[in-house]
4 protein chains.
Amino acid sequence: MDSSAKTGKRPGKAKRRILTAAARLFRGRGFDRCTVRELADEVGILSGSLFHHFRSKDDILFAVMEEVIVDMDATLAAALDSAPTTHDELRALIHNQLEFIHGPQADATAVLVYEWNALSPDGQARLLARRNAYFRRWQEVLTKARSEGLTNVDPVVSRQLIHGALVWSANWFDTNGAMTVEELEQAVMSMILV
Amino acid sequence: MDSSAKTGKRPGKAKRRILTAAARLFRGRGFDRCTVRELADEVGILSGSLFHHFRSKDDILFAVMEEVIVDMDATLAAALDSAPTTHDELRALIHNQLEFIHGPQADATAVLVYEWNALSPDGQARLLARRNAYFRRWQEVLTKARSEGLTNVDPVVSRQLIHGALVWSANWFDTNGAMTVEELEQAVMSMILV
Amino acid sequence: MDSSAKTGKRPGKAKRRILTAAARLFRGRGFDRCTVRELADEVGILSGSLFHHFRSKDDILFAVMEEVIVDMDATLAAALDSAPTTHDELRALIHNQLEFIHGPQADATAVLVYEWNALSPDGQARLLARRNAYFRRWQEVLTKARSEGLTNVDPVVSRQLIHGALVWSANWFDTNGAMTVEELEQAVMSMILV
Amino acid sequence: MDSSAKTGKRPGKAKRRILTAAARLFRGRGFDRCTVRELADEVGILSGSLFHHFRSKDDILFAVMEEVIVDMDATLAAALDSAPTTHDELRALIHNQLEFIHGPQADATAVLVYEWNALSPDGQARLLARRNAYFRRWQEVLTKARSEGLTNVDPVVSRQLIHGALVWSANWFDTNGAMTVEELEQAVMSMILV
DNA sequence: CATGAATGAGCCTTCATTCAT
DNA sequence: AATGAATGAAGGCTCATTCAT
């Protein structure tokens, strides 16, 4: 007889459940418009109990973002490592970003991108290194791509343009719609390539 | 000697000053993290006075957004009217959007895009018609562009990709930096065109 | 061409119109739940203009009450003077009170009775003399009535019981209903008399 | 050693204490002239804590009224049930009303009667059924009383006249004065009876 | 006299956070 | 770990009142 049977609560570690619910809530209604009570309700505990797991509401936002940014960077690093050509690396860049924006971590990724300003200055500072590392990988690939004649736009500029185009898809692309993520990936590729 | 010299208040109609300050504040710190007292301070009045000009804080957000969306649509309509070719229309699309994102109405435009969820459901409904009209113009031009072979991506998809890329520039492009808006415009054009 | 034609406002002295509207409003929704803006709207002026005629909102309440209490006492005095018998005096007491509660000054009278606590301590003090004078007349008549065997209840008590019964009729008696004020008067008389 | 000794707080359930204080305050100074901070002070908590127990200030007024009206109706029903004669029923009517107006629930009863207009339309609607039930009992007794020749005034009219007389006593009758409630009851009876 | 923008105190309510149980 | 009452700062908004025009 596990504890979830006794308490009637859904299984899974509390921290995990809080983070998942927080990502969904923060994404849907914005960090500031969500109350800790709503979050606690969603998890099935009382608001006071949240503070046994996280020091503050800000801390929850930070944890959501940190987890996804660490994952995203690690996944990208691995994907780039196993990409034989620059063209494959380019595709890995886009694939990885879309995977996060529309995959299992979609909520957390959207929160990372669109609630960045809700994060405390301190939190931003602590996440900046990872963020920079991630974009450095983009930069390197795009620089190589231009030098190889695959694209003809300045890497700094194209990095931002592509990033903007990709993350915005969180707001319109429907995973259950007619178009698949692979097709979207292909469309982006065809815009980038000369 | 104008009245502002006599009263010691900054010139300009109060509503105008509120809207301008609101756009800057809402953009910089997010609608929910701004207080009406901050806004009033910025304008140089007391918080209560705000409510002589707007019924509520929500109303101010609505007014900021409505003004810019109306302007944006009207300006685009005019620009498209005087564009001789589809290529020129395509450029007008991008030029117009960048003009708003980085021109005098930069703050309000950023608010329109990134604080959309902060707007009340009712407010969203009342602005939707304009928003749709604006995007319909994009759709039409992009459809024509593809049928003429200028691009080869589905209009719905390319509209969203380009929109995402352009509005994201609000977060990184520096008007006072080395790159001009015209150059940015050119970079985007070159990514779109086959 | 009078000024009301020019300004489009209803005729009559401003003070009068304010007092009439105030009585109706205060009675209907309570002094505290009425705003000076509502009152000004009703009169057809702006809220600021109210303060050319009265020093404060409290002052308006005071004026409404003072006018009616002065009238009520004067009318009662006259009626008692011309009442040949104690029985007639008794009837005058009731008639006069009902005349005010349901006649042209119904609103002001209801305000006097039911908004007494909304009046400032200072205002209450300034009206107390009149209030006392009015009730003294009741007391005298009721004392005489008992000594003559018309009633058999202590004058202090009966004065309050009758007063309560009469003023409460403001809350239920319908001037346009089947029962006339005269019939109501008769019903009260029959309850009082032995 | 009970918990109140340990926490330093006054004993009694919070809701109860709030309701009691609210009745006293609302009665003394009127619902609109009382602030939630005053009420919280009186109870010995902070204003925010009020809203753990009641959704709104309106809700508190409603709760005060609901409790007393339910009690009042139940007590009257019981009293009428055990009254052997119509004469006794008549006395029960008056006794019950005076018991509430001057007994332990005096404040709440006064609030019910004199702050009815401060209650939201919705609140009024939700209390109307009880109010009507209570008055229906009066009506029935008074109808019977007239048919038996105990009184000779129309039941609808006498119900309102007596009700007015009785509730008004909240404003003048002094429980600690020379006259007892029983004597007051007797005085009212003698006015009603033929 | 009237206007109406501005005032500023104060109101009800919300909400992240604490803590004794 | 969880509870839930209490906290207390802050938030959006109201409103009687003032005053330059």
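None of the values given here were measured: they were computed from a predicted structure. Below, chains carry the letters A, B, ... as their sequence lines are ordered, and counting in each starts from 1.
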Completion exercise
Residues of residues 46-65 of chain D with a heavy atom under 4.0 Å from any atom of DNA chain E, listed by number, are D:Ser47, D:Gly48, D:Phe51, D:Ser56, D:Lys57
Completion exercise
To the nearest angstrom, the CG-C1' distance between C:Asp41 and E:dG4 comes to 13 Å
Exercise for the section: Could you pull out all residues at least two apart from D:Gln105 that satisfy side chain to side chain donor-acceptor pair (under 3.5 Å)? Expected result: D:Asp71
Handout entry: Distance in angstrom units between D:Ile45 CD1 and E:dT18 C1', rounded
Key = 17 Å
Practice task
Examine distances only and state if a side-chain atom of B:Ser49 and a backbone atom of B:Ile45 form a donor-acceptor pair shorter than 3.5 Å.
Solution key: no
Problem - Interatomic distance where CD belongs to D:Glu38 and P belongs to E:dC11 [whole Å] - result: 8 Å
Completion exercise
C:Leu19 and C:Ile60 have their tightest heavy-atom pair at CD1-O, 4.2 Å
Completion exercise
Residues at least two apart in sequence or cross-chain that pass salt bridge (Lys or Arg N to Asp or Glu O under 4.0 Å) with A:Glu66, listed by chain then number, are none
Handout entry: Backbone of A:Ile69 reached by a side-chain donor or acceptor of A:Arg130 within 3.5 Å
Key = no
Handout entry: Pair C:Glu67 + C:Lys15, salt bridge at N-O below 4.0 Å
Key = no
Practice task
Using the C1' atom as the reference point in each nucleotide, state the distance between F:dT21 and E:dC1 in Å, no decimals.
Solution key: 13 Å
Problem - Partner residues of A:Arg55 under the salt bridge (Lys or Arg N to Asp or Glu O under 4.0 Å) criterion, sequence neighbours left out - result: A:Asp59
Handout entry: Separation of F:dG11 C1' from B:Arg29 CZ (nearest whole Å)
Key = 13 Å
Problem - Which residue lies more 5' along DNA chain E, comparing A:Asp32 with D:Val36 via nearest heavy atoms - result: D:Val36
Exercise for the section: Would you list the pairs meeting side chain to side chain donor-acceptor pair (under 3.5 Å) in which at least one residue belongs to residues 21-37 of chain B, sequence neighbours left out? Expected result: A:Asp32-B:Arg33, A:Arg33-B:Asp32, B:Arg24-B:Glu42, B:Arg27-B:Asp107, B:Arg29-B:Glu38
Handout entry: Separation of atom CG in D:Leu25 from atom P in E:dC11, rounded to whole Å
Key = 13 Å
Exercise for the section: Establish, yes or no, whether the cationic atom of B:Lys57 lies under 6.0 Å from the six-membered ring centre of B:Phe31 and within 45° of the ring axis. Expected result: yes
Problem - Spacing of C:Leu39 atom CG relative to F:dT14 atom C1', expressed in whole Å - result: 17 Å
Exercise for the section: Answer with yes or no whether D:Arg37 presents, from its side chain, a donor or acceptor under 3.5 Å of a partner atom in the base of E:dG10. Expected result: no
Practice task
Stems involving DNA chain F: give each as a range paired with a range, ordered by first number, where a stem means at least three consecutive Watson-Crick or G-U wobble pairs under 3.5 Å.
Solution key: E:2-21 with F:2-21
